[in-house]
Every structure is written in C-alpha cells, then in structure tokens.
Amino acid sequence: MAYETRDTKNISRISEALLRWYDANARVLPWRVAPHLRKAGQKPDPYAVWLSEIMLQQTTVASVAPRFFRFLERWPDVAAMAAAEADDVLGEWAGLGYYARARNLHKCAGIVADEHGGKFPCTEDALKMLPGIGDYTAAAIAAIAFGQPAVVVDGNIERIVARLFAIDKPLPGAKALIKERAGAIWPQQRCGDFAQGLMDLGAGVCRPKAPKCSACPLAGHCAAHRLDLVEDFPVKPAKKPKPLRKGAVFALVNAKGEVLFERRPEKGLLGGMFCLPGSPWAEKVSESPAHAPATAKWRRVGEVTHIFTHFHLTLGVNIAKAPKGFRRGRKQQWIAPKLARVPTVMKKALDLALKDRGI
DNA sequence: CATCCGTGGCT
DNA sequence: TAGCCAAGGAT
C-alpha cells in the first residue's frame, strides 16, 4: 500500500508537470484546439481530428498541413467525403505516400456516413473497426476528439516512455511493456491534452537525437536521464539493407500533348494510383520496349532514381509520340501533364520525359 | 511477428 | 553521401 501511495503521487506529478508544460508550450496546429480554447468550451471536430490523424501516420506536420487545409476545404465533413469519387480522394492525396491511407479514408467516410449516421463512434473499440484506424489512431481520436481516457502510444510517446523507465527490451517486442508503462502514468483527466503534450514533447524536446533534457519538464522523473543514457533508448533492432530494383517507364504523348497513364492494381505498391506504363521492377530487368504501351519510335531520355521504404529504384525513362490509330486500354487514361495527380516517383519520370521537349 | 507500404527533411 | 526519422496499419 505504501508503494501504491508513493506511485500515485509520482504519477500525478508526471502528468501535472507535463500538462503544465503543454499549457505553456502547445504547438499551434491547424487541426488542434488550443488548451485555453478547450477550457473555454470549444470542442474539436471529430472529422477533422480523424482526417489529421490519418494524414499524420508516418508523415510530418510540414507535409500534412497544406494537404489538411485542401481536404477540409474540398470535403468539409464526412458526408461530403463519403459522396466524393474515390479517384478524387486518391488524386488529392497524390504525393503524400502510403496510398492505402487514401483508399481507406474514403472507405471509412462511407461507413461512417452509411452505418453510423454520419457521426464517428467515440469508443476505441468501435473506432478500431473502421478501415485505416489501428491501435494508435483509435486511441488518439477517442482521447482528443471525445475526451475518453484512452492510452495513446505513437512513436514519440513510445520513445518518451522507454526513456522514462529506461526500458532496455528492444522494439518492437517492447511495445506491450511500453503500453503498460504508459498506462501507469496516464491521467484520468485531460487525456487528449496529455497525449498531445507528450507528442509535442517528443517532437521538440525528447527527440531521437540530441534531446534537450535541460528543457524537459519530466527530466527529474526520467531513468534514462538519471543514467545519462537518454539517446540509448528506445533500443531498436538493426535495419536491413535496401535492395536495388530497376525498371523502365514509357511516356506516350498524343496530339493534344496528353500523356498515357495506367492505373495500378488496388493492392500493393502505389495501389490504385495512375502511373506511367512500363516494365515490372526487379533486380535485373530488360528495358526493351517490349513493355511499352505501343510500338513507336521510343527515345530514352535518361533515368530517375527513387527510394521507397524497402528498396531503391532506378527507372529508365522513354518517350514517343502515339502512333496513328492507337487506342488506349481500359485501365489507361490520357492525362494532361499539368493535371497529372500521380505518385512522386512518376512525377519525377514525367518531368524528365517532358523536360527537353519544350512542352 | 515480419513484411510491405511513400515521401521529404535533416544530419 | 547515406542513413535516419516521422502523430502506423494491414496482412
């Protein structure tokens, strides 16, 4: 019992210190209701919280912010997004990466509109049933949008907790232990603010490299700091080298200056996105025009390189005018280059193909 | 539990 | 330059 009493006091000290820090240092973010406005009674919009959390998965605030505004402007609420064409959502997402998020975003909007009366469910379990919403996102929405006592663990909070308790078990095996420890310091009130405060702390103070412990409100509670081993936590496994893959793409241009694109299969890399037609990508691959969309006078203009999550890619880029009588396939589309909403690797290839043509 | 899935910025 | 990293989820 004596230990429980001491622990309880220590826990409340941690959450109080963090919340005090958050009140004074909260970042101003487009999707966030500032602490003082929250206290004045302003409620966050669950739709905006959901949209921001999906966009922020493995993606930086700087990349998300302009896209968040654009999405909110075009689809102000879940009903609007549910009514949108999937292709428009994918197009608006182009360049943001992890395109399954965009497909699931649209699916999720449809489910919320059709099966939940246009209102997001407020419990973690119900949220987790929706496509694109996993452990983290369900907890984040429940805590931030609905004020539920959910324990939110993202990469930042994982790092902070691993340091607070000097958890030397390596990730990802340590995730369960970290969640348990996080739960032990989680407050009953202001759970959303506590989560956002920890994320801000992780982004600006308890950083992976060069943490600013002198500015940390939790330094006095931090085991890693006490050991002077802050940067050694969390323990991560060695990363595997990324293999090299090669391929070729073919930019076919019609009389209007439009370029032929081809929709990728729904599943897998760049799923559902329009890309330049070309060869499969492999360690050794022929760049011959065998994989071109048409027989034409192909000219190789150069190559582009791109780094994906798990491999490096080099693409030979070819260009030709469409032969007379060419008919596009069912999965193919003529698109004006300026209107092409395509993945970044294809934007690179397109730009290179059209660069020296004066188009 | 391991693998797949993008991209841009920073060191 | 090469590596590391970011408010993860689905399979």
Side-chain angles (χ1 to χ4, degrees), chain A residues 26-27 29-32 48-68 90 93-105 107-108 127-145 150 152-160 170-176 179 182 192 194-204 206-211 231 234 236-245 264-273 275 281 304-313 342-348:
Chain A
R27 300 170 76 183
L29 299 173
W31 43 85
R32 175 177 288 178
V49 172
W50 163 72
L51 177 61
S52 70
E53 290 300 341
I54 300 299
M55 286 187 163
L56 286 163
Q57 288 167 3
Q58 297 291 286
T59 308
T60 59
V61 167
S63 296
V64 165
R67 302 306 192 96
F68 176 78
L90 273 177
W93 196 274
L96 258 185
Y98 287 140
Y99 298 96
R101 292 185 296 170
R103 300 194 300 273
N104 285 331
L105 192 77
K107 283 181 197 164
C108 182
L127 285 162
K128 215 180 300 184
M129 300 280 291
L130 297 168
I133 299 181
D135 287 348
Y136 161 76
T137 305
I141 296 173
I144 297 170
V152 183
V153 182
D154 77 324
N156 288 302
I157 297 173
E158 202 167 72
R159 179 172 61 257
I160 294 169
L171 289 170
K175 281 179 179 290
K179 175 111 183 189
F194 188 70
Q196 294 178 92
L198 283 177
M199 290 190 274
D200 281 13
L201 189 74
C206 194
R207 305 177 297 191
K209 305 288 184 186
E231 284 197 50
K236 292 189 175 182
K239 296 196 174 176
K240 293 178 180 176
K242 296 180 179 182
L244 303 176
R245 291 188 197 171
R264 308 256 307 181
E266 185 81 2
K267 303 273 185 183
L269 191 72
L270 310 179
M273 300 299 289
C275 293
W281 304 340
V304 295
T305 63
H306 193 75
I307 302 173
F308 288 99
T309 309
H310 53 293
F311 65 93
H312 291 238
L313 178 67
V342 297
T344 297
V345 59
M346 290 300 149
K347 182 70 167 61
K348 288 181 185 176

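Order of the sequence lines sets the chain letters (A, B, ...), proteins ahead of strands, with each chain counted from 1. Quick note: numbers below take in every heavy atom, side chains included, and nothing from hydrogens, waters or symmetry partners.
At the heavy-atom level, A:Gly95 lies under 4.0 Å from the strands shown only through sugar-phosphate atoms. Base contact: A:Trp31 has a heavy atom under 4.0 Å from a base atom. Within 4.0 Å of A:Thr59, counting heavy atoms only, lies at least one base atom of the nucleic acid. Among the heavy atoms of the strands lying under 4.0 Å from A:Ile307 is at least one base atom, whether or not backbone atoms are also near. As judged by a 4.0 angstrom heavy-atom cut-off over every strand, A:Lys242 is placed among residues making no nucleic acid contact. Residue-level contact check: A:Arg32 touches the bases, meaning some heavy atom is under 4.0 Å from a base atom. Across all strands, A:Ile144 comes closer than 4.0 Å to no nucleic acid atom at all (heavy-atom distances).
If you measure from atom CG of A:Asn104 to atom C1' of C:dT11, you get 12 Å, rounded to the nearest angstrom. C:dG9 atom C1' lies 16 Å from atom CG of A:Leu96, rounded to whole Å. Rounded to whole Å, atom C1' of B:dC5 lies 14 Å from atom CG of A:Leu313. Atom CZ in A:Phe308 sits roughly 10 Å away from atom C1' in B:dT7 (whole-Å rounding). As a whole-Å value, the separation of A:Met55 CE from B:dG6 P is 16 Å. Regarding A:Tyr99, its OH atom lies at a distance of 19 Å from the P atom of C:dA10, rounded to whole Å. To the nearest angstrom, P of C:dG9 lies 12 Å from CG of A:Leu127. In this structure, A:Arg67 atom CZ and B:dG6 atom C1' are separated by 12 Å, rounded to whole Å.
Residues satisfying the side chain to side chain donor-acceptor pair (under 3.5 Å) test with A:Lys175, not counting sequence neighbours, are A:Glu158. Looking at residues two or more places apart in sequence or on another chain, you find a side chain to side chain contact (heavy atoms under 4.5 Å, CB included) between A:Tyr98 and A:Gln58, A:Arg101, A:Thr309. By the salt bridge (charged side-chain N to carboxylate O under 4.0 Å, His left out) test, A:Arg264 is found to be paired with no residue, residues two or more places apart in sequence or in another chain being considered. A:Thr344 pairs by the side chain to side chain donor-acceptor pair (under 3.5 Å) definition with nothing, not counting sequence neighbours. Applying the side chain to side chain contact (heavy atoms under 4.5 Å, CB included) test to A:Ala174 and every residue at least two apart in sequence or in another chain returns A:Ile167, A:Lys169, A:Leu171, A:Ile178. Residues satisfying the side chain to side chain donor-acceptor pair (under 3.5 Å) test with A:Lys179, not counting sequence neighbours, are none.
Between A:Lys267 and A:Pro208, the residue anchored nearer the 5' end of DNA chain C, judged by the nucleotide with its closest heavy atom, is A:Pro208. Residue order along DNA chain B, read from the 5' end via each residue's closest nucleotide, puts A:Gln58 first among A:Ala62 and A:Gln58. Mapped onto DNA chain C by nearest heavy atom, A:Gly132 and A:Glu53 fall at different nucleotides, with A:Glu53 at the one closer to the 5' end.
In this structure, A:Lys242 NZ and A:Ile307 CD1 are separated by 6.0 Å, a value rounded to the nearest 0.5 Å.
In this structure, the side chains of A:Asp200 and A:Arg32 come closer than 4.5 Å at one or more pairs of heavy atoms.
Closest approach to the A:Thr344 side chain among B:dG6, B:dG8, C:dC5 is made by B:dG8 (side chain taken as heavy atoms from C-beta onward). Comparing atom distances between the A:Arg159 side chain and each of B:dG6, C:dA6, C:dA10 picks out C:dA6 as nearest. Listed nucleotides C:dA6, C:dC4, C:dG8 differ in distance to A:Lys209; the shortest reach to its side chain belongs to C:dC4. When the nucleotides C:dG8, B:dT7, C:dT11 are ranked by their closest atom to the side chain of A:Gln57, C:dG8 comes out on top.
For A:His306 and B:dT7, the shortest distance from a side-chain N or O to OP1 or OP2 is below 4.0 Å.
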Could you go through nucleotides 2-4 of chain B and list every protein N or O atom that sits under 3.5 Å from one of its N or O atoms, giving the distance for each pair?
from  : atom 1 : to       : atom 2 : distance (Å)
B:dT3 : OP1    : A:Lys240 : NZ     : 2.7
B:dT3 : OP2    : A:Lys240 : NZ     : 2.9

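Taking the P atom of each, B:dG6 and C:dT11 are spaced 14 Å apart, rounded to whole Å.
Aromatic rings of A:His306 and A:Phe308 (six-membered ring for Trp) have centroids within the 6.0 Å cut-off, being under it.
Near DNA chain C, meaning a heavy atom under 4.0 Å from it, residues 133-143 of chain A has A:Ile133, A:Gly134, A:Asp135, A:Tyr136, A:Thr137 in order of number.
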Side chains of residues 133-142 of chain A: which donor-acceptor pairs under 3.5 Å do they make with residues two or more places apart or in other chains?
from     : atom 1 : to       : atom 2 : distance (Å)
A:Asp135 : OD1    : A:Lys128 : NZ     : 3.1
A:Tyr136 : OH     : A:Glu53  : OE1    : 2.7
A:Thr137 : OG1    : A:Gln57  : NE2    : 3.0

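At least one donor-acceptor pair closer than 3.5 Å links the side chain of A:Arg67 to the backbone N or O of A:Ala94.
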